[in-house]
Amino acid sequence: MAADDKSANPLKRVDLDGHDLPPSPAPSSPRNGRRRYALATELVYTEGKDQYGASSTPIYQSATFKQSSASGGQQEYDYTRSGNPTRTHLERHLAKIMNANRALAVSSGMGALDVISRLLRPGDEVITGDDLYGGTHRLLTYLATNQQIVVHHVDTTDVNAVKERLSEKTTMVLLETPTNPLIKIVDVPSIARLAHEINERALVVVDNTMLSPMLFNPLDVGADIVYESGTKYLSGHHDIMAGVIACNDAAIADKLYFTINSTGCGLSPNDSFLLMRGVKTLAIRMEKQQSNAQAIAEFLESHGFKVRYPGLKSHPQYDLHWATARGAGAVLSFETGDAVLSQRIVEAARLWTISVSFGCVNSLISMPCQMSHASIDAKTRRERQMPEDIIRLCVGIEDVDDLIEDLSRALVQAGAVTVSLDGFQAVEPVQTQ
Ligand SMILES: *Cc1c(COP(=O)(O)O)cnc(C)c1O
C-alpha cells in the first residue's frame, strides 16, 4: 500500500500549506443530526465512547500511544502534543456548546491569541480596540514591534471609527465585548459585516471571555474565529489556565491546529479533564453570578456611584448589548472620584478577595489600573480615559446579601459613604465627571 494512499490512514490529512497533519482529532460534528437541546442541557450532556463506558472521560496521562505497525498504523493518537483522547473529548464538547465546527484547547487564553496571531504575515494590518485586556495589548505591541504587524487601536465601540480604518489591507479585526474595565459594548454583527464587505478575506476575531458561550456566540453573528480564556468562566474555579479557539472554516481550523501541534501549546490531559468538569456547571454558575452582579450594580447605583454594567438601563449601550447577548455577565466597575479612596475600599473588603481575573465562583475586587491593566502605561491609560480610581468587581456565587453587606461595610470604613441614624445611607456620594 502506498504511503500516501489516504486509505492507509483515514485520519491522515494535509493542510492548505501542504503540511502533513499528524493523526489528530477529526473535526467535530456537533450537529450530527440529533436534536439540539438548550445550552444548560448541552453543557452536561456528553457523548463519550470510552472503552469501559466511563461516564466521565478519564485523564489519558500518556505522552505516547502504541502503534500497531512500523508504518504508524491506523490509530487516532500517537503523541499527546498532536492529539490526546481527553483533549479531543473536551474539544468536541466545546465545539458543540460554542456552535462551531471545530474547537481547539490550548494552555491559556493568551496562548489562544498567540496561535491565532500566527495567521498574520509581516505587513498585515490589524484593527482592534483601545480598551483591551492588558495581556492582549502586550502581545499586539510585541507583534507590532517585532513582527512588522501594523496594529491600529481604535474605539471599536464606535462602528464609524472602525469603518474609517478598514481597508483592503485589513487582515484581522480583533474585538472584545464588553470591554474591561470600562464595560463598553462593541457591535460585533455590524463590524463583521463591514469588514467582510471591504475585504472578504479579513478575519473577524472575537475574544468572548467576558460573556462565555452561555451569553454570546460570536460565530453566529459573523465572526470567523472566537477565542476565550478557559481560565475564567469556562472552568470557573481559578484552578487551571486554559484557552479555547473555535471556528467554522475547516481550512482555518487546520492552520490553527498546525500551529498548536508545531508549538506544543495544546492543553494538557489533566487540565483538559478539569476544564471539561468546569464547563458542565457553566450555566448554573453564570446564572447565579449574573443575578448577584445585577443586585450589586443596582445597590451601588442607588447610592450615587457611577456604575458600568450592561444590566443597568443607565448603560449608554444597553440596547446594543441586549441585541446580541443573552445576559449582562458578572463583571462591573464603578468609580469613587479618588484613587486613594478606591484603594481604601478595596483593602477594607473581606469577602471580596483582592485579585486579578474574573469568572471564578468567589467574588473578587481589584483596581485595574494598578493590577490587570498595569502593563498599559499611565500615559496610554489617560489617553484611553481609563479612570485611575476605577474599581472592578467580579461577582461570584456567594449569598448576595453577604456580598452587599461586606461591600457596604468597606465603603463606610473607607469613608466613601456615611452612616446615618436610619442605617446605611450614602450621604455624600462622590461623583466623577
Ligand atoms: C484573562 C483574559 C485573557 C487571557 O487569558 P489567560 O488564560 O489569562 O491567558 C484574554 N482576554 C480576556 C478578556 C481575559 O479576561
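Order of appearance sets the numbers: ligands from 1, and atoms from 1 within every ligand.
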For [X], is at least one N or O under 3.5 Å away from an N or O on ligand 1?
X: Lys232; value: yes
X: Asp207; value: yes
X: Thr136; value: no

Ring centroid separation for Tyr77 and Tyr60, is it under 6.0 angstrom?
no
Does His303 have its ring centroid less than 6.0 Å away from the ring centroid of Phe299?
yes
In the protein, what heavy atom is nearest to atom 6 (P) of ligand 1, and what distance, to one decimal place, separates them?
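Residue, atom and distance for the closest contact: Gly109 N, 3.3 Å.
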Write out the residue and atom name of the closest protein heavy atom to atom 3 (C) of ligand 1, then the distance separating them to 0.1 Å.
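Answer for atom 3 (C) of ligand 1: Tyr133 CE2, 3.4 Å.
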May I ask which of Met110, Met210, Met241 has a heavy atom nearer to atom 8 (O) of ligand 1 than the others do?
Met241
Using heavy-atom distances only, which candidate in Ser235, Gly359, Ser229 approaches atom 5 (O) of ligand 1 most closely?
Ser229
Is any NZ, NE, NH1 or NH2 atom of the basic residue among Lys379 and Glu383 found under 4.0 Å from an Asp or Glu carboxylate oxygen of the other?
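Judged by the 4.0 Å cut-off on N to carboxylate O distance, Lys379 and Glu383 do form a salt bridge.
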N-O pairing of Asp271 and Arg87 below 4.0 Å
no
When you measure from the side chain of Gln294 to the backbone N and O of Gly311, does any donor-acceptor pair fall under 3.5 Å?
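A pair under 3.5 Å: yes.
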Taking the side chain from Ser333 and the backbone from Arg392, do they hold a donor-acceptor pair closer than 3.5 Å?
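Side chain of Ser333 to backbone of Arg392, a donor-acceptor pair under 3.5 Å: no, none is there.
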Which of the atoms of ligand 1 are close to [X], meaning less than 4.0 Å from one of its heavy atoms?
X: Thr231; result: 6 (P), 7 (O)
X: Ala242; result: 7 (O)
X: Thr209; result: 11 (N), 12 (C), 13 (C), 14 (C), 15 (O)
X: Phe358; result: 15 (O)

Could you walk me through whether Val173 and Val205 pass the side-chain contact (heavy atoms from CB on, under 4.5 Å) check?
CA-CA 6 Å; Val173 181; Val205 179; over 6 Å; no
Would you check, one step at a time, whether the test side-chain contact (heavy atoms from CB on, under 4.5 Å) holds for Glu164 with Val154?
CA-CA 10 Å; Glu164 273 166 32; Val154 303; over 6 Å; no
